[in-house]
Amino acid sequence: MKDPITISITGAAGNIGYALLFRIASGSVFGPDQPVNLNLIEIEPALPALEGVVMELDDCAFPLLNSIVATADLNAGFRDADWALLVGSVPRKAGMERNDLLGINGKIFTGQGRAIASNAKPTCRTLVVGNPCNTNCLIAMANASGMPKNQFFAMTRLDENRAKSQLAKKAGVHPSQVTNLCIWGNHSATQYPDFTNAKIDGRPVTEVITDREWLEGEFITTVQQRGAAIIKARGASSAASAANAALDTVVSLITPTPEGDWHSVAVASDGSYGIEEGIITSMPIKTNADGSWEVVQGVPVNDFSQGKIDATVAELKEEREAVKDLIPG
């Protein structure tokens, strides 16, 4: 049996946290021979609910669950973390502008970034799920002094999964047959699900699905607006699929990417594809055999795609400007 690894999770008593904890504890994420310590972080008012979650974890008697810490103290919560999953954030409420949400959540991620830098392992990888996740990730990364930028990620895998599902449904195939699907840009209504390079059973999507009007229109807007559609349908946000996508992201970052394929996650731009360096933007990523990752180079970007990428990157720049006071020098 391996030495335990420590996974710190904020918002652990919330719907997304609740949906992912048990899968981590069961071994379905890090493997059937990898013990885990769970550091569960919540705000003070949610600690009674978190205690109930801890009771349920105890009652599962997971063989791989080595220890549980339940706390509202960020220093204790991020102590010795190998992974930090930043799930908790203030949701957007009626009448709240996006900039209001950025300001409120930005202060939360400032403190979390500092606590990660002070308490987590130097190799800790941080995945931001709480929205607006790209800019929250930028704030956490900027405030995590001394931590490498390539260890910070924001989740766009939910968008990738949604896009694959929509393409598969249109083509009458299983989603597993869809590959090379990249989400570019922001996890927002400006994101761009790139169908132009995606494949179905190894064939270009544009050969399998010849309805270009659908691809350039309804397909993109369906993926962009899927979260809102789910809220309208069930009266609550997409917690289970978001939790699933967060765990998919972790697995993809610790598992070598199949040859010729890529996956979507937002990272600090290195200037690839002309995207300004330092912005947290989703791009095509591959994970190497040694556990490192890199931006896949040479993915064709036509004029249609470039316009969509430019629009979502412009939004990311606007968000960065809105929170500039929270980003150290």
Side-chain angles (χ1 to χ4, degrees), residues 29 85-86 125-138 141 149-168 175-200 204-205 215 219-227 238 241-270 272-273 275 279-288 292-301 305-306 308-313 315-316:
V29 178
L85 306 183
L86 307 187
R125 290 184 166 194
T126 298
L127 172 63
V128 179
V129 178
N131 285 320
C133 66
N134 293 59
T135 298
N136 287 342
C137 182
L138 176 67
M141 180 184 74
K149 291 183 177 181
N150 65 359
Q151 292 172 197
F152 284 83
F153 310 88
M155 187 179 81
T156 53
R157 183 58 168 268
L158 179 55
D159 310 304
E160 178 187 325
N161 289 347
R162 287 167 169 168
K164 285 182 173 179
S165 176
Q166 293 300 314
L167 291 174
S176 63
Q177 294 172 261
V178 183
T179 61
N180 301 89
L181 193 291
C182 174
I183 301 295
W184 294 91
N186 200 4
H187 174 63
S188 74
T190 67
Q191 61 170 275
Y192 173 49
D194 183 4
F195 65 87
T196 66
N197 292 292
K199 297 178 182 178
I200 295 175
V205 159
L215 287 169
F219 163 66
I220 293 173
T221 56
T222 296
V223 176
Q224 290 173 335
Q225 302 293 337
R226 187 68 165 183
S238 46
S241 56
N244 178 72
L247 299 181
D248 281 350
T249 304
V250 172
V251 171
S252 288
L253 286 169
I254 62 176
T255 306
T257 305
E259 186 65 31
D261 201 359
W262 51 73
H263 58 94
S264 304
V265 65
V267 298
S269 172
D270 60 359
S272 293
Y273 297 98
I275 297 171
I279 289 177
I280 301 291
T281 181
S282 187
M283 290 189 282
I285 302 298
K286 71 173 181 178
T287 302
N288 301 313
S292 65
W293 63 266
E294 61 185 281
V295 177
V296 178
Q297 301 297 329
V299 175
V301 177
S305 296
Q306 190 64 60
K308 297 293 185 182
I309 293 169
D310 289 346
T312 192
V313 170
E315 182 183 54
L316 286 169

Report task. Heavy atoms only: give me the nearest Gly185-Asn134 pair and the separation to one decimal. Result -> O-ND2, 3.2 Å
Query raised in the report: Looking only at atom types and distance, does a side-chain atom of Ser292 sit under 3.5 Å from a main-chain N or O of Asn288, one as donor and one as acceptor?
Result: no
Query raised in the report: At what distance, to the nearest 0.5 angstrom, does CZ of Arg157 lie from CD1 of Ile183?
Result: 10.5 Å
Report summary line: Heavy atoms of Met155 and Cys133 approach each other most closely as O-SG, 3.5 Å
Query raised in the report: Just checking, any donor-acceptor pair under 3.5 angstrom between side chains of Thr190 and Glu315?
Result: yes
Report task. Determine yes or no for a side-chain-to-main-chain donor-acceptor pair under 3.5 angstrom, with Asn136 supplying the side chain and Gly130 the backbone. Result -> yes
Requested in this report: Begin with the C-alpha distance, continue with both residues' side-chain angles, and end with the deciding distance and a verdict on side-chain contact (heavy atoms from CB on, under 4.5 Å) for Val265 and Trp293.
Outcome: CA-CA 11 Å; Val265 65; Trp293 63 266; over 6 Å; no
Requested in this report: Measure the shortest side-chain to side-chain distance between Leu167 and Leu181 over non-hydrogen atoms and say whether it is less than 4.5 angstrom.
Outcome: yes
Query - Verdict with supporting geometry, Ile220 and Phe195, side-chain contact (heavy atoms from CB on, under 4.5 Å) - result: CA-CA 9 Å; Ile220 293 173; Phe195 65 87; 4.2 Å; yes
Query raised in the report: Looking at side-chain heavy atoms only, is the closest gap between Gln166 and Arg162 below 4.5 Å?
Result: no
Query raised in the report: Given His263 and Glu160, is the side-chain contact (heavy atoms from CB on, under 4.5 Å) satisfied, shown in steps?
Result: CA-CA 8 Å; His263 58 94; Glu160 178 187 325; 4.0 Å; yes
Query raised in the report: How close do Ala246 and Leu127 get, heavy atom to heavy atom, and via which atoms?
Result: O-CD2, 3.6 Å
Report task. Measure the shortest side-chain to side-chain distance between Val128 and Ile280 over non-hydrogen atoms and say whether it is less than 4.5 angstrom. Result -> no
Query raised in the report: Do any N or O atoms from the side chain of Asn197 and from the backbone of Pro300 form a donor-acceptor pair under 3.5 angstrom?
Result: yes
Requested in this report: Could you verify whether a donor N or O on one side chain and an acceptor N or O on the other, from Gln191 and Thr156, lie under 3.5 Å apart?
Outcome: no
**Report entry** Expected output: side-chain Arg125 to main-chain Leu253 donor-acceptor under 3.5 Å
**Finding:** yes
Query raised in the report: Is there a donor-acceptor pair under 3.5 Å between the side chain of Asn186 and the backbone N or O of Thr312?
Result: no
Query - Side-chain touch Ser269/Met283, heavy atoms, less than 4.5 angstrom - result: yes
Requested in this report: Would you give the length of the straight line joining atom SG of Cys182 to atom CD1 of Ile309, rounded to the nearest 0.5 angstrom?
Outcome: 7.5 Å
**Report entry** Phe153 and Val267, any side-chain heavy atoms less than 4.5 Å apart
**Finding:** yes
Requested in this report: Measure across Thr287 and Ser252 and return the closest heavy-atom pair with its distance rounded to 0.1 Å.
Outcome: OG1-O, 2.6 Å
**Report entry** OG-CG distance between Ser305 and Asp194, expressed to the nearest 0.5 angstrom
**Finding:** 4.5 Å
Query - Check against side-chain contact (heavy atoms from CB on, under 4.5 Å), Ser238 and Leu158 - result: CA-CA 10 Å; Ser238 46; Leu158 179 55; 4.2 Å; yes
**Report entry** Between Thr257 and Asp261, a side-chain donor and acceptor under 3.5 Å
**Finding:** no
Query raised in the report: Do Lys308 and Trp184 have side chains that get closer than 4.5 Å, going by heavy atoms?
Result: no
Query raised in the report: Under 4.5 Å between any side-chain heavy atoms of Val250 and Leu85, yes or no?
Result: yes
Report summary line: OG (Ser264) and NZ (Lys164) are apart, to the nearest 0.5 Å, by 7.5 Å
Report task. Return yes if some donor-acceptor pair links the side-chain N/O of Ser165 with the main-chain N/O of Asn161 below 3.5 Å, else return no. Result -> no
Query raised in the report: How about Arg226 and Ser241: does a side-chain donor come under 3.5 Å of a side-chain acceptor?
Result: no
Query raised in the report: Does Val299 offer a backbone N or O that forms a donor-acceptor pair with the side chain of Tyr273 under 3.5 Å?
Result: yes
Query raised in the report: Any donor-acceptor pair under 3.5 Å linking the side chain of Asn180 with the backbone of Gly260?
Result: yes
Query raised in the report: Would a distance-only check, ignoring hydrogens and angles, find a side-chain to backbone donor-acceptor pair under 3.5 Å from Asp159 to Pro193?
Result: no
Query - Greater than 12 external heavy atoms within 6.0 Å of Lys286's NZ - result: no
Query raised in the report: Does a side-chain heavy-atom distance below 4.5 Å link Thr221 with Gln224?
Result: yes
